[in-house]
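Here is the structure we will look at, set down as structure tokens.
In this text the structure is predicted, and so the values were computed from the model without any measurement.
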Amino acid sequence: MKTVTVKRISTAVLAVTLVMSLSACSNMSRRDRNTAIGAGVGAIGGSVLTDGGTLGTLGGAAVGGIIGHQVD
């Protein structure tokens, strides 16, 4: 039961950190912003799909960043 709570708190902290970090990047280009957003969403998705696995989180961030970079 404790593990589930820790994972939920970790996911919430990651989401809040992402939102706060993106708000500090107002002078980024559109492509840079899309890359950062894609990496953040991919990291959260990878973490959720692998139950907080480090490899899943990093892999999701990498794939999300690449997709975000290619979106125009």
Side-chain angles (χ1 to χ4, degrees):
M1 189 76 173
K2 255 185 171 180
T3 306
V4 173
T5 304
V6 171
K7 287 182 183 179
R8 286 186 180 179
I9 290 172
S10 297
T11 303
V13 168
L14 179 64
V16 169
T17 302
L18 174 66
V19 169
M20 290 176 63
S21 67
L22 289 177
S23 67
C25 301
S26 60
N27 63 347
M28 293 176 82
S29 71
R30 185 176 183 100
R31 177 164 274 175
D32 291 341
R33 223 178 356 250
N34 287 345
T35 302
I37 291 169
V41 170
I44 291 171
S47 177
V48 168
L49 290 175
T50 61
D51 284 332
T54 303
L55 186 60
T57 303
L58 293 175
V63 171
I66 291 169
I67 292 171
H69 184 72
Q70 297 301 318
V71 172
D72 190 21

May I have the list of side-chain donor-acceptor pairs in residues 41-49 shorter than 3.5 Å, sequence neighbours left out?
none

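Considering every non-hydrogen atom in both N34 and V71, the closest pair reads ND2-O, 3.3 Å. Taking each heavy atom of M28 and R33 in turn, the nearest pair found is O-NH1, 3.4 Å.
For the atom pair CD1 of I37 and NE2 of H69, the computed distance is 14.5 Å after rounding to the nearest 0.5 Å. Summarising the geometry, atom OG1 belonging to T35 is positioned 11.0 Å from atom CD1 belonging to I67; distances are rounded to the nearest 0.5 Å.
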